[in-house]
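Since the structure comes first, as structure tokens, the remarks are kept for the end.
In this text, all values refer to a predicted model and were calculated from it rather than measured experimentally. Below, all heavy atoms of this structure are taken into account, side chains as well, without hydrogens, waters or symmetry copies.
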Amino acid sequence: MKNRQISEIFNAIADLLELKDDNVFKIRAYRRAAMNVDNLSEDIEVLAKESSLEKIPGIGKDLAAKMIEMIDTGKCRYYEELKLEVPQAMLELISIPGVGPKTARLLYNKLGVKNINELAMMAKHHRISGLPGIKDKTEENILRGIALVKKRQERMTLKEAIDVAGEVVSALKKMPGVNNITPAGSLRRMRETVRDIDVLITSAKPEKVTGAFVKLPIVKDVLAHGDTKASILSREGVQVDLRVVEPDSFGAALVYFTGSQAHNIRIRHIGKEAGLKINEYGVFNEKSGKRIAGKTESDIYKTIKLPYIEPELREDRGEVEAGLKGALPKLIKLSDIRGDLHVHSEWSDGSDSIEDLAMAAKALGYEYIAITDHSESLKVAGGLSEKEVLKKLEEIRKVNKKLKGIRVLAGVEVDILKDGSLDYKDDILKRFDLVIAAIHTGFKDPKDKLTDRILVAMDNKRVNIIAHPTGRLMGIRGPYELYLDRIFKNAKEAGVALEISSFPERLDLDDVNARAAKDRGVKLAINTDAHIAEQMNYMALGVSVARRAWLEKEDVINTLSLDALLKFLKK
DNA sequence: GCCGTTTTCGGCCCGACTGTTTTCAGTCG
């Protein structure tokens with residue numbers, strides 16, 4: 001059983017316990033366990049074998065036993081029993097925004113509501129009003145909540161979120177009384193997908209700012225509107241949460257609003273142990289109530305003896321412990337990248353000429369770019385025959401002669417065939433500077449077979465990089481099944497780098513897997529897989545994945561100088 | 001249910017907004 005599945009079951013148990021009105025701290029324990037298991041960079045089955053499940057924060061004897069039961073049997077008896085105790089209808093009802101466990105129980109017990117559609121009918125006929133604590137307004141809110149379930153977008157890709165946030169921020173900037181404005185939340189942490197856009201503003205007159213915010217042209221629906229806080233649904237169906245604080249609280253509010261929730265709980269807990277109360281307004285001495293920090297994020301961390309922690313690390317995945325030990329990584333930056341090693345030209349399925357791509361790379365400040373078109377068998381992507389790819393080699397030589405200040409590396413993205421062999425013969429491959437190998441077919445093959453395919457390909461000494469190693473396309477298909485441990489081991493031994501694809505729907509390897517790769521001594525390459533010159537700008541997304549994976553400059557081959565890179569490629 | 005260089009019992013992050021309330025419960029992040 002996978003980490004994600006176990007995490008989902010723990011969360012489901014927490015939902016059921018809430019509906020049973022069980023102990024809130026027990027519920028919180030299940031939620032915390034769910035969060036920590038999901039955030040883990042190690043495979044839960046591996047930890048179980050080593051009997052070290054209880055090393056995971058929030059996992060004690062009881063939950064460790066439940067995890068082992070799930071790994072062994074695929075089921076959790078406690079969960080199955082709870083499901084029988086709590087009506088399915090209640091579970092459905094709490095998925096409505098604004099309807100929590102208390103309301104769900106009330107609706108089920110007093111009215112016998114069977115599902116969301118029935119609830120909508122009852123609300124329309126004013127059959128809910130009159131229940132204890134419920135009047136017209138609540139009835140309206142329930143209907144609005146049901147509509148929201150349908151209208152509200154699923155999680156966006158990071159790129160979509162950045163684009164939406166850009167629009168929102170530029171609209172907000174024009175409002176009167178706005179001093180500082182910063183996107184926060186999971187977007188600032190650069191998570192691969194984002195649900196809501198969180199924006200923090202400093203202003204001496206918060207209520208004026210929230211008042212103007214809810215009247216912006218982008219607003220389709222106002223979800224909440226107070227003096228310091230407001231939420232709207234944009235025309236695209238994206239929820240935007242705004243928080244306004246005074247400038248003296250900016251750092252504290254930024255920490256609070258950036259999250260993650262788990263990270264906040266950790267640092268507030270540490271503060272509490274030191275007699276400090278940390279909230280979005282500042283750090284306060286618990287006894288005297290005196291504020292001792294608030295203006296900058298660094299000030300907040302300093303009060304609990306931590307160095308500044310980069311937003312991408314704030315997931316409670318060990319950054320607090322590392323910070324206390326002075327062992328935080330020096331994260332890679334976009335400016336460390338010296339070239340893009342995976343770009344398609346018009347020779348296969350790209351749109352731009354090799355020369356134009358090289359010029360674009362030069363404009364980005366790169367020292368090199370690798371043109372890596374598809375190989376013969378990938379017909380849908382205009383894969384090149386051996387004859388054609390040799391012609392392309394000539395073209396690259398010409399461009400290199402013509403252009404100064406940028407080196408075009410001759411590359412291929414060669415298909416890994418079903419048996420792990422490559423789609424070009426060795427006497428073709430040996431003429432190229434760089435060979436990227438990738439799987440583009442047979443995604444549903446068994447785990448063993450897919451893993452072996454990549455292992456065999458990596459053993460070919462011409463192969464330098466495995467592109468988008470798990471093949472996922474967010475919103476389209478999940479990753480294919482792989483024994484990543486075996487891939488990492490082989491990659492290290494064979495001197496093959498694994499790619500972090502910056503393509504918005506790929507981001508593959510993801511942060512968790514890239515971190516695991518680094519921990520096992522594997523080198524990574526952050527590439528864009530651009531098919532037009534402009535897509536080379538996706539590099540920032542790949543770098544954000546790398547930062548979330550705790551990668552430093554030294555872990556990434558395309559931070560190397562041209563000479564050092566060529567040396568690496570020759571093995 | 002977890003956790004402990006003060007504790008194996010008694011704590012458990014913190015606050016805003018909403019609607020229904022004469023002081024607060026429910027929900028959310």
Considering every strand and a 4.0 Å limit on heavy-atom distances, what is the contact class for [X]: base, sugar-phosphate, or nothing?
{"X": "Ile59(A)", "result": "sugar-phosphate"}
{"X": "Arg266(A)", "result": "nothing"}
{"X": "Tyr30(A)", "result": "sugar-phosphate"}
{"X": "Ile278(A)", "result": "sugar-phosphate"}
{"X": "Asn279(A)", "result": "sugar-phosphate"}
{"X": "Asp198(A)", "result": "nothing"}
{"X": "Ser231(A)", "result": "nothing"}

For this session: Under the side-chain contact (heavy atoms from CB on, under 4.5 Å) rule, what do Leu313(A) and Leu331(A) come out as? Steps first, then yes or no, please.
Result: CA-CA 10 Å; Leu313(A) 299 181; Leu331(A) 295 183; 4.0 Å; yes
Under a plain distance cut-off of 3.5 Å, with no hydrogens placed, do [Y] and [X] share a side-chain donor-acceptor pair?
{"X": "Gln535(A)", "Y": "Asn537(A)", "result": "no"}
{"X": "Arg155(A)", "Y": "Thr193(A)", "result": "yes"}
{"X": "Ser501(A)", "Y": "Asp508(A)", "result": "no"}
{"X": "His263(A)", "Y": "Glu315(A)", "result": "no"}

Problem set entry | Beyond-backbone contact of Leu63(A) with Phe10(A), side-chain heavy atoms, under 4.5 angstrom |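 SC-SC contact between Leu63(A) and Phe10(A) confirmed.
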Please measure how far the [atom1] atom in [N] lies from the corresponding atom in [M], and state the result in whole Å.
{"N": "dT27(B)", "M": "dT20(B)", "atom1": "C1'", "result": "14 Å"}
{"N": "dT7(B)", "M": "dG15(B)", "atom1": "C1'", "result": "29 Å"}
{"N": "dT5(B)", "M": "dG1(B)", "atom1": "P", "result": "23 Å"}
{"N": "dT21(B)", "M": "dA16(B)", "atom1": "P", "result": "24 Å"}
{"N": "dG11(B)", "M": "dT6(B)", "atom1": "C1'", "result": "14 Å"}
{"N": "dC28(B)", "M": "dT22(B)", "atom1": "C1'", "result": "25 Å"}
{"N": "dT23(B)", "M": "dC13(B)", "atom1": "P", "result": "29 Å"}
{"N": "dT8(B)", "M": "dC3(B)", "atom1": "C1'", "result": "9 Å"}

Problem set entry | Spatial distance of atom CD (Glu92(A)) from atom CD1 (Ile116(A)) [nearest 0.5 Å] |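 Between atom CD of Glu92(A) and atom CD1 of Ile116(A) there are 4.5 Å.
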For this session: With DNA chain B as reference, determine whether His269(A) or Lys229(A) sits nearer its 5' end, using the nearest nucleotide of each.
Result: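 Going by which nucleotide is closer to the 5' end, it is His269(A).
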Exercise. When you match Pro101(A) and Ile134(A) each to their closest nucleotide on DNA chain B, which lands nearer the 5' end?
Worked result: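 Result: Ile134(A).
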For this session: Identify, residue by residue, the members of residues 287-318 of chain A with a heavy atom below 4.0 Å from DNA chain B, and return them in order of residue number, or none.
Result: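 The answer is none.
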For this session: Could you give me the CA-CA distance, side-chain angles and deciding distance for Lys83(A) and Asp15(A), then say whether salt bridge (Lys or Arg N to Asp or Glu O under 4.0 Å) is met?
Result: CA-CA 10 Å; Lys83(A) 275 199 288 190; Asp15(A) 284 343; over 6 Å; no
Problem set entry | Cation over ring face, Lys66(A) and Tyr78(A), 6.0 Å, 45° |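 Yes.
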Problem set entry | Aromatic Phe257(A) / basic Arg189(A) pairing, under 6.0 angstrom, 45° off normal |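 No, Arg189(A) and Phe257(A) do not form such a contact.
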Problem set entry | Assigned partner base of dC14(B), Watson-Crick or wobble definition, under 3.5 Å |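 Paired with dG29(B).
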Problem set entry | First and last nucleotide of DNA chain B, 5' to 3', lying under 4.0 Å from heavy atoms of chain A |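 Listing 5' to 3', DNA chain B meets chain A from dG1(B) to dG29(B).
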